[in-house]
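Written out below as structure tokens is the structure these notes cover.
Side chains are part of it too, since the values below use all heavy atoms of this structure and drop only hydrogens, waters and symmetry mates. Not measured: the values here are computed from a predicted model. Below, read A as the first sequence line, B as the second, and so on, with proteins coming before strands; counting in each chain starts at 1.
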Amino acid sequence: MSVVALDRIAVRVPGRAVAVQLARREGLRMVRHPILWVGTLLSLALFGLLTWRSAPVLHRDDVNVAGALLPFAAATLIVANLAASRSARNGTDELYDTAPASRALRTLSQLLALAFPVGASLMVAGVMFVYMFLDAPVGTARFAELAAGPVSVALLGAAGVAVGKWKPHAALGPMTVVVITALEILLIQPVIELAGTNAEVTQRIPWFALWVPLSLTSEVPSEIVIRPGGWHLLYLIGLAVVVAAVGLARDSYRARLVPLVVAGAAGAVLGSIGQLTPASPTQRAALASLMVNPEHHQVCEERLGVTYCAYPAYAPWIDRWAAPIEGALARIPPESRPQGLVVRQRLGSYFEGPVDIPHSAIRQFERDHRRVTRLGAPTPTFWTGMSWGRGETEGEYEFGLALWVAMEAVELPSNRRELVLTDAEAEVVREEMLQALPAKQRVRAEKGLRRGHSYYCTTLGQARGLAALWIAAQATPETRGTVRRVASDTPYGVNLYEHERQRFAYYGGSFMPLYPLAPPPMWDRVQFADTEFHYAASLLARPDNEVAAVFAQRWGDVLQPTTSTAHILDDLALAPHPTIEEQVAALPDDVKVEQGTLRGGTTISDSIPCF
Amino acid sequence: MSNVTVERVVKRFGSTRALNGVSVEAGSGITGLLGPNGAGKTTLLRILATVMAPTAGEVAILGRNPASPRDRLEIRRRLGYMPQEPGFHRNFTAFEFVDYVAILKEMTNRRARHAEVKRVMHSVGLRDVEDRRIKALSGGMRRRVALAQALLGAPELLILDEPTAGLDPKQRLRFRETMSHLGEDRSILLSTHQTEDVAALCPRVIVMNHGTALFSGTPSELADVARGSVWLSAERAAEAHLSYRTGEGRYRNIGPAPANAELVDPTVEDGYLVLLGDEAIVEAA
């Protein structure tokens with residue numbers, strides 16, 4: 001090599017240039033480390049787990065993005081720790097100490113190198129956003145919530161460097177991750193334990209954790225939680241600066257670090273104070289209004305006689321709600337199409353977690369909730385929540401809306417009050433409808449009648465139950481897929497299973513569990529039967545126009561509660577299902593039949609027929 | 001002019017005195033440092049490499065005082081050091097490791113740095129294995145990696161602690177060739193147990209024992225220490241301090257003249273053995 005070239009190499013450079021070069025080298029090694037790739041996969045998997053069943057809501061999922069980056073942050077801690085402790089573990093400190101770059105400069109470069117994993121975490125977050133944008137997200141992501149993720153990566157990376165410098169041992173990185181995980185779990189415990197207490201300062205203890213979920217136990221809409229995201233971000237940045245200074249303090253002139261420590265501590269303390277400060281009465285009143293008086297805040301739109309009302313951020317979901325409703329309405333004879341339907345969005349009634357709604361508002365909301373679900377709203381209203389399904393789950397949500405429209409069309413009860421019988425009605429039920437039921441079930445249903453009311457009614461054996469289910473099933477491609485999947489997962493009639501080399505047969509009963517297919521308010525009034533559900537699933541194989549023509553032709557009969565399913569099977573070209581007795585008789589001799597199977601099922605129900 | 005001056009240097013580790021008032025000088029060219037285990041060679045080299053400070057005494061390296069932070073930094077900029085037991089990052093490739101050290105040596109121009117890394121890798125015969133991970137290299141290859149990093153930036157002062165340990169004969173000859181070129185225009189201080197290396201390479205040799213310098217001079221002066229004490233005989237001489245059978249079948253005796261023996265010219269090894277007396281002879285045996 002020429003003297004000139006050597007001179008160029010040996011040119012005096014400031015420490016900053018060396019630190020940048022070293023940081024680049026260390027950073028590239030960090031992001032190539034297999035542990036970081038494992039962290040990346042875990043983060044993406046966690047994000048998928050948190051969101052794959054829900055249509056994206058940016059001002060909710062921004063919290064999930066930050067939370068899902070925690071495995072990535074933990075992996076960063078481990079690789080940063082390995083990098084920082086490497087020279088001590090590998091015995092190269094003696095050699096490195098004879099180079100112009102000091103130990104302090106090496107530590108600084110390892111801290112600067114964290115820009116690489118932080119950058120990589122932004123890319124991971126970007127992948128999460130791409131996943132969300134594939135399904136038309138609503139709302140707006142909040143910077144402070146999102147930034148908490150990459151800042152946590154920087155904070156844990158700095159912790160890895162600090163531990164590696166003070167106690168250079170390869171096992172200490174993973175051990176630190178365990179300790180931080182335990183602390184995180186311990187700190188967010190109050191999210192569960194203070195559920196619904198509306199405690200103020202204590203309710204905010206979780207904010208000392210790295211990440212605070214909206215809720216650990218249920219889907220709390222982010223609209224009813226005031227999150228001190230900005231203060232929390234300041235707290236995390238302050239902590240990161242202090243922890244970085246601790247790492248630097250190992251080999252630096254400590255007096256020089258004082259301003260850094262003071263600045264970091266000031267940020268952490270200021271952030272702590274901010275995040276412990278309860279929401280103001282004005283903020284809480286605004287939330288209460290959002291919940292109790294949704295009509296003051298929502299935007300409404302009318303389509304084909306149906307009114308849809310949504311909070312402004314969710315307005316794009318009106319298209320999603322309308323699709324199954326319009327698909328169902330299209331198969332209902334025009335004269336029977338229900339009028340004045342309203343689909344209104346409503347904040348959930350689950351208040352676990354750090355919600356900031358005043359008690360009085362919650363009580364009022366619950367009173368309203370009881371009124372509209374038990375006694376019926378002034379107009380047929382479907383209360384939809386703050387979430388919507390994604391993928392397979394979207395079919396379930398759509399089916400719920402379509403079934404609601406279909407139930408209104410075939411005049412099934414829309415609230416519990418309608419299940420209270422007059423004597424005359426009870427007589428009709430007893431004489432005309434119960435006779436169609438199997439003997440054991442008839443006895444049970446009569447017990448329900450004697451009480452004069454029931455919590456549930458069943459469409460077992462009723463043609464209108466089949467009509468409602470088919471109208472809902474065919475509404476969209478997603479509802480069709482959902483009904484086919486449920487029918488396949490829950491075969492009709494007697495089921496076989498094996499236990500300790502013995503084969504058993506059992507029949508669970510006629511009740512077709514449609515939850516979560518049918519969201520509230522349908523859970524507690526109409527029970528659909530397995531017979532009609534499987535007939536409806538079978539009808540999906542036939543041309544929709546043919547099936548719709550049959551129902552249209554017999555619509556008057558179909559609306560009658562006394563018209564049995566068996567009565568219209570021929571017209572629909574459906575073969576009757578074998579009875580339970582017939583299925584049991586056809587079983588091989590070695591199959592043991594479970595008790596209750598021949599008495600109409602093992603699940604006891606006191607439903608009366610819907611009338 | 002001396003590039004290295006050590007005066008009355010003492011280094012204590014607790015109650016142990018590793019260096020006990022040692023005073024030596026080294027100018028340009030190669031200076032060999034000989035001595036038994038525990039003589040203080042490594043401690044002295046570590047002080048000269050600015051890894052540690054002496055407990056007492058004066059040290060000047062390249063005309064600068066390593067006790068001063070500013071001078072120490074300047075010394076480090078002009079120094080190449082190969083420790084006795086260099087650590088390695090096993091998952092680095094040989095190139096990555098040397099390149100990492102090059103950054104620590106303030107070589108921030110990436111292209112020029114890579115050219116320099118390739119140059120030193122080539123000079124120690126490692127070009128073919130530069131992309132191999134260090135954990136896959138033999139012990140000899142790893143020592144050459146350690147030597148390569150010491151050569152980065154063509155330092156004015158090279159301090160090599162037992163650089164030939166673990167090298168096979170071919171590698172050792174290659175090393176001598178490299179050192180002889182480098183020694184033409186810089187100072188090299190190397191410690192070794194191999195007197196052949198000293199005889200072959202070093203115009204100047206220092207012998208240390210018990211933390212002091214026993215001898216400082218040329219290899220021939222060291223050999224002369226044993227002049228009149230080395231004899232060849234047909235039989236093992238009972239009174240000799242050390243007696244061993246040579247490849248020719250005769251006995252080489254160091255000590256008083258045995259009967260029927262032929263006085264021969266001493267080697268550097270003979271001088272070293274005589275200088276250290278029984279201690280060195282026990283070690284050699």
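- Interface check for chain A: of the options B:Gln149, B:Arg72, B:Met52, the most heavy-atom pairs under 4.5 Å are formed by B:Gln149.
- Summarising the geometry, atom OH belonging to A:Tyr96 is positioned 11.5 Å from atom NZ belonging to B:Lys105; distances are rounded to the nearest 0.5 Å.
- For B:Leu104, the parts lying under 4.5 angstrom from a heavy atom of chain A are both the backbone and the side chain.
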Where do B:Phe92 and A:Arg86 land on the side-chain contact (heavy atoms from CB on, under 4.5 Å) test, with the steps shown first? CA-CA 11 Å; B:Phe92 279 46; A:Arg86 188 174 57 224; 3.7 Å; yes
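- In the displayed structure, A:Trp37 atom CH2 is contacted under 6.0 Å by at most 12 heavy atoms of other residues, nucleotides or ligands.
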Walk me through it: do A:Asp97 and B:Thr50 pass the test side-chain contact (heavy atoms from CB on, under 4.5 Å)? CA-CA 8 Å; A:Asp97 286 348; B:Thr50 73; over 6 Å; no
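- Residue B:Phe13 qualifies as enclosed at atom CZ: its count of foreign heavy atoms under 6.0 Å is above 12.
- A heavy-atom distance below 4.5 Å is not found between the side chains of B:Arg90 and A:Asn90.
- With rounding to the nearest 0.5 Å, the separation of CE in B:Met82 from OG1 in A:Thr98 is 12.5 Å.
- Summarising the local packing, CZ of A:Arg103 is surrounded by more than 12 heavy atoms from other residues, nucleotides or ligands at distances under 6.0 Å.
- Between A:Arg25 and B:Asp99, at least one side-chain nitrogen of the basic residue sits less than 4.0 Å from a carboxylate oxygen of the acidic one, meeting the salt-bridge criterion.
- Contact annotation: the side chain of B:Pro83 approaches that of A:Leu95 to within less than 4.5 Å [non-hydrogen atoms, C-beta and beyond].
- Between the side chains of B:Arg110 and A:Gln21, no donor-acceptor pair of N or O atoms lies under 3.5 Å.
- Other residues, nucleotides and ligands contribute over 12 non-hydrogen atoms within 6.0 Å of the NE2 atom of B:His114.
- For A:Arg106, the part sitting under 4.5 Å from any heavy atom of chain B is the side chain, from C-beta outward, and nothing else.
- Side-chain contact between B:Tyr100 and A:Glu26 is present, with at least one heavy-atom pair separated by less than 4.5 Å.
- For B:Tyr81, the parts lying under 4.5 angstrom from a heavy atom of chain A are both the backbone and the side chain.
- Contact of the A:Arg29 side chain with the B:Asn91 side chain is registered, since non-hydrogen atoms from C-beta on lie closer than 4.5 Å.
- By number of non-hydrogen pairs under 4.5 angstrom with chain B, the leading residue of A:Ser87, A:Ala99, A:Ser109 is A:Ala99.
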